[in-house]
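This report concerns only the one structure given below.
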Amino acid sequence: MLADDLLEDARHLAAKGDAEKRMSCMRRAISTAYYAVFHLLVEDFVEHWEFEDQRARLGRMFDHTKMRDAAFTPKDKKNPTPVETALIDVKTAFGQLQGDRHRADYDLGWNIIQTDVTDAITLAEDTFVKWRSIRNEDVARHHLLSMFGAKR
Amino acid sequence: MYVPPAVTRQSEIQAAIDEVERSLASDVVRIRYEIGEDWSGQWAIFFRVVLTDDAAKQRLREVANKVVWGLSRRLDFPGMGVFPYHNYRSVSEQAALQEEAWADA
């Protein structure tokens, strides 16, 4: 999957950035970590579309801001289920990675340090694991539909 | 002009931060925050978390997850009209960068 390849690319960029103290690689590592998670979700959505030749077009309909802003509230806010907890983590991580990606690509005033890069990579890795553990649950499928832009 | 409820609930925010700092004192040195608009124009709260060197190097993800959940359990971010962002750095990194926004208040 493209998402897995991007996550691997992010790790390589992070390692190169650390070894060579190369800011461009550190920035690209953070940016790529976000796109890995973005494609993880988009690929998961479109692979269920029956018409394979239309999947790329469908994937291009995803909007980054709508994906971040998709609402989710657990049934019992004070006592979310394990699946709901994992989904909240995925949702929070997506917003965090998206914000960091924007800063990495455009904010030259951001003094990126190794902890920023490690944070982005490990957060993306954590998100892959969590998403894949809940991806077939109803609550996750509904949230993915909300990220696509469907109203409740 | 719209101002999110978070702006008027800063004592509540600081109290939550104090609790999280205390509960994770072995790894978290301090947490500072700022309310403002993010890249998309959405209101946000930006937490800047300084960690011990050991925590940042050896168990960043574990400690970061505890910080995120510790704050979100205590603060209703959607109700406050803000999206939370959390960023981290070690004591050594802050000592090298000397950024005021991350310094001890």
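Since this is a predicted model, take the numbers as computed values, not measurements. Throughout, a chain's letter reflects where its sequence line sits, starting with A, and its residues are numbered from 1.
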**Q.** Residue-level contacts of residues 124-143 of chain A with chain B, using a heavy-atom cutoff under 4.5 Å
**A.** A/D126, A/K130

Q. Using non-hydrogen atoms only, which part of B/F83 is less than 4.5 Å away from chain A: side chain, backbone, both, or neither?
A. side chain

(Q) Heavy atom to heavy atom, less than 4.5 Å: which residues from residues 24-48 of chain B reach chain A? (A) B/D38, B/W39, B/S40, B/Q42

Q: Of all the heavy-atom pairs spanning A/I113 and B/Y88, show the shortest one and how long it is.
A: CD1-O, 4.0 Å

Q) Shared ILVMFWY cluster between A/F94 and A/L144, side chains joined below 4.5 angstrom? A) yes

Q: Please indicate whether A/R22 has more than 12 foreign heavy atoms, meaning atoms of other residues, nucleotides or ligands, lying under 6.0 Å from its CZ.
A: no

**Q.** CG on A/L97 to OH on B/Y85, rounded to 0.5 Å
**A.** 10.5 Å

**Q.** Partner chain A: residue of B/H86, B/R73, B/R89, B/K57 with the largest heavy-atom pair count (under 4.5 Å)
**A.** B/H86

Q | B/I17-B/F77 co-clustered via ILVMFWY side chain contacts under 4.5 Å | A | yes

Q) Mind checking whether B/N87 and A/R103 have side chains closer than 4.5 Å, heavy atoms only? A) yes

**Q.** CD1 on A/I121 to CZ on B/R61, rounded to 0.5 Å
**A.** 11.0 Å

Q) Is there a path of hydrophobic side-chain contacts, each under 4.5 Å between heavy atoms of I, L, V, M, F, W or Y residues, that connects B/V49 with A/W110? A) no

Q: Against chain B, label A/D107 side chain, backbone, both or neither, depending on which of its atoms sit under 4.5 Å from a heavy atom there.
A: neither

Q) Got a donor-acceptor contact below 3.5 angstrom from the B/E93 side chain to the A/T115 backbone? A) yes

Q: Check whether A/Y106 and A/M23 end up in the same hydrophobic cluster, where Ile, Leu, Val, Met, Phe, Trp and Tyr are linked by side-chain heavy atoms less than 4.5 Å apart.
A: no

Q: Consider only side-chain heavy atoms of I, L, V, M, F, W and Y, link residues closer than 4.5 Å, and tell whether A/V90 and A/F72 are in one cluster.
A: yes

Q: Begin from the C-alpha positions of B/N65 and A/D89 and carry the test side chain to side chain contact (heavy atoms under 4.5 Å, CB included) through to its verdict.
A: CA-CA 9 Å; B/N65 287 344; A/D89 282 342; over 6 Å; no

Q: Would you please go through residues 37-68 of chain A and name the residues with a non-hydrogen atom below 4.5 Å from one of chain B, in numerical order?
A: A/T65, A/R68

(Q) Are there residues of residues 73-88 of chain A whose heavy atoms fall under 4.5 Å of chain B's heavy atoms? If so, which? (A) A/K77, A/T85, A/I88

